[in-house]
Amino acid sequence: QECGINQEECKERYNQNLSVHHIDYNKENNIKCNLISLCTPCHTTTNSNRIHWQKYFKNKIVRYLESKHRIVINIATRDRPTEIALLLQSLRTQSFQNFDIYIHDDCGGTPLQSYYFIQYMMNRIKLEGHKVRFQRNDRNLGIPVMRQLMIYNTFEHFNDFTSICRLDDDTICQPDYLELLLYGLEEDYQIMSGLTPPMMNPDHMRETNTVKPIINEHKFDSDGNIIV
């Protein structure tokens with residue numbers, strides 16, 4: 001996937017099959033988005049300057065994800081203009097950029113669009129190629145109703161999207177947040193969830209050894225009803 005040589009050509013030229021290269025150099029990380037096929041010379045080249053090749057191939061994977069996926073980000077909010085501004089800025093710096101944004105204000109005391117810095121941020125995001133839809137209720141509906149309403153409205157007002165991502169309005173996303181969620185969808189999971197710990201706490205890696213292979217499982221029938 002670097003020089004364009006296929007399996008047959010690799011066998012003919014080098015008497016070897018294409019090699020499977022682990023982008024992060026972790027041989028135990030065998031998710032699809034961490035693997036790329038390389039011919040023998042290309043694979044040998046990646047043994048040096050690893051930081052460069054890791055960034056290079058990761059960028060190729062992200063561009064591939066952008067060609068295949070388009071996300072509509074749903075944000076329900078009420079009286080949190082500062083938090084919304086921080087969330088929007090964190091979305092601007094995502095490695096994956098093929099997304100649109102839908103913000104729904106649940107009848108906050110001051111309309112969200114009354115804040116000039118929110119207007120500036122939304123206009124900037126539009127200039128960067130994203131669709132931004134804003135909606136405000138004339139009465140408070142509550143989060144459960146809001147989230148369901150936003151699902152209906154997403155299908156009505158957005159086209160050609162492949163996934164919906166719901167974010168809390170006080171979230172600040174790491175730059176690869178959307179990218180990592182899509183890794184899971186590429187592994188044929190239908191639902192993915194991200195962990196957003198309080199930012200005042202130290203960073204930590206979730207330990208999953210005690211709950212593997214399944215952390216949480218729900219099964220549905222053909223009508224969408226939960227079986228397990």
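What's counted below: heavy atoms across the whole structure, side chains too, no hydrogens, waters or symmetry copies. Keep in mind that this is a model prediction, so the values were computed, not measured.
Contact between Leu185 and Ser163 at its shortest, heavy atoms only, is CD1-OG, 3.5 Å. The heavy-atom pair separating Tyr183 from Leu65 by the smallest distance is CE2-CD1, 3.8 Å. Between Arg13 and Ile5 the shortest heavy-atom distance is NH1-CD1, 3.3 Å. Nearest heavy-atom pair, Met146 versus Ala76, reported as atom, atom and distance to 0.1 Å: CE-CB, 3.9 Å. Residues Ser48 and Trp53 approach most closely at O-CD1, 3.2 Å, considering heavy atoms. Between Glu66 and Ser95, the closest heavy-atom pair is OE2-O, 3.7 Å.
In this structure, Thr154 contributes its side chain and Met150 its backbone to a donor-acceptor pair below 3.5 Å. Between the side chain of Gln16 and the backbone N or O of Cys10, no donor-acceptor pair lies under 3.5 Å. A donor-acceptor contact shorter than 3.5 Å links the side chain of Gln94 to the backbone of Ser90. Panel note: side chain Thr44, backbone Thr40; a donor-acceptor pair is recorded below 3.5 Å. The backbone N or O of Glu9 lies less than 3.5 Å from a partner atom in the side chain of Asn6, making a donor-acceptor pair. Proximity of a side-chain donor or acceptor of Asp79 to a complementary backbone N or O of Gly109 within less than 3.5 Å is detected. Not a single donor-acceptor pair under 3.5 Å links the side chain of Asn34 to the backbone N or O of Asn30.
Between Arg147 and Asn74, the closest side-chain pair of non-hydrogen atoms is not below 4.5 Å. Inter-residue side-chain proximity for Leu18 and Leu38 is flagged as unmet; no heavy-atom pair is nearer than 4.5 Å. At least one side-chain heavy atom of Phe96 sits less than 4.5 Å from a side-chain heavy atom of Ile71. Ile84 has its side chain within reach of Leu88: a pair of non-hydrogen atoms, C-beta onward, lies under 4.5 Å apart. Put simply, the side chain of Arg63 reaches to within 4.5 Å of the side chain of Asn59, judged on heavy atoms. By the 4.5 Å heavy-atom criterion applied to side chains, Leu87 and Ile172 are not counted as neighbours. Within the 4.5 Å cutoff, no side-chain heavy atoms of Met121 are placed close to those of Ile118.
Atom CG of residue Asp100 and atom CG of residue Leu91 lie 11.5 Å apart, to the nearest 0.5 angstrom. How far CG of Leu182 is from CD of Glu179: 8.0 Å, rounded to the nearest 0.5 Å. Note that the CD1 atom of Ile101 and the NZ atom of Lys126 stand 10.5 Å from one another [nearest 0.5 Å]. Between the OG1 atom in Thr77 and the CD1 atom in Ile103 there is a gap of 8.0 Å [rounded to 0.5 Å].
Within 6.0 Å of OH in Tyr25 there are more than 12 heavy atoms belonging to other residues, nucleotides or ligands. For Gln190, the CD atom sits in a loose shell: 12 or fewer heavy atoms of surrounding residues, nucleotides or ligands are nearer than 6.0 Å. Environment of CD in Gln174: sparse, with no more than 12 heavy atoms of neighbouring residues, nucleotides or ligands closer than 6.0 Å. Applying the 6.0 Å contact sphere to CD1 of Ile51 captures no more than 12 heavy atoms from other residues, nucleotides or ligands. Heavy atoms of other residues, nucleotides or ligands lying less than 6.0 angstrom from CG of Asp160 number 12 at most. Annotation for Asn15: atom CG does not count as buried by contact number, only 12 or fewer foreign heavy atoms lying within 6.0 Å.
Close placement of the His21 and Phe57 rings is indicated, their centers lying within 6.0 Å of each other. For Phe155 and Phe161, the ring centers sit closer than 6.0 Å to each other.
Applying the side-chain hydrogen bond (donor to acceptor under 3.5 Å, both in side chains) definition to pairs two or more places apart or across chains, those involving residues 129-143 are Gln97-His130, Tyr102-Gln135, His104-Asn137, Asp105-Arg136, Asp106-Asn137, Asp106-Asn140, Arg133-Gln135, Arg133-His157, Gln135-Asn153.
With respect to Asp188 and Lys32, a salt bridge is recorded, a charged nitrogen being found less than 4.0 Å from a carboxylate O.
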Quick one: do His22 and Glu28 satisfy side-chain hydrogen bond (donor to acceptor under 3.5 Å, both in side chains)? Show the steps, please. CA-CA 9 Å; His22 292 72; Glu28 295 182 358; over 6 Å; no
Side chain to side chain contact (heavy atoms under 4.5 Å, CB included) between Ile61 and Ile23, worked out: CA-CA 10 Å; Ile61 292 297; Ile23 295 174; 3.5 Å; yes
Step by step, would you call Tyr177 with Leu167 a side chain to side chain contact (heavy atoms under 4.5 Å, CB included)? CA-CA 11 Å; Tyr177 184 82; Leu167 292 177; 3.7 Å; yes
Apply side chain to side chain contact (heavy atoms under 4.5 Å, CB included) to Asp176 and Lys58, showing your working. CA-CA 11 Å; Asp176 60 352; Lys58 186 175 181 180; 4.1 Å; yes
Take Thr162 and Lys68 through the side chain to side chain contact (heavy atoms under 4.5 Å, CB included) test and state the conclusion after the steps. CA-CA 8 Å; Thr162 58; Lys68 185 176 179 182; over 6 Å; no
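In this structure, a donor-acceptor pair under 3.5 Å is absent between the side chains of Glu156 and Tyr152.
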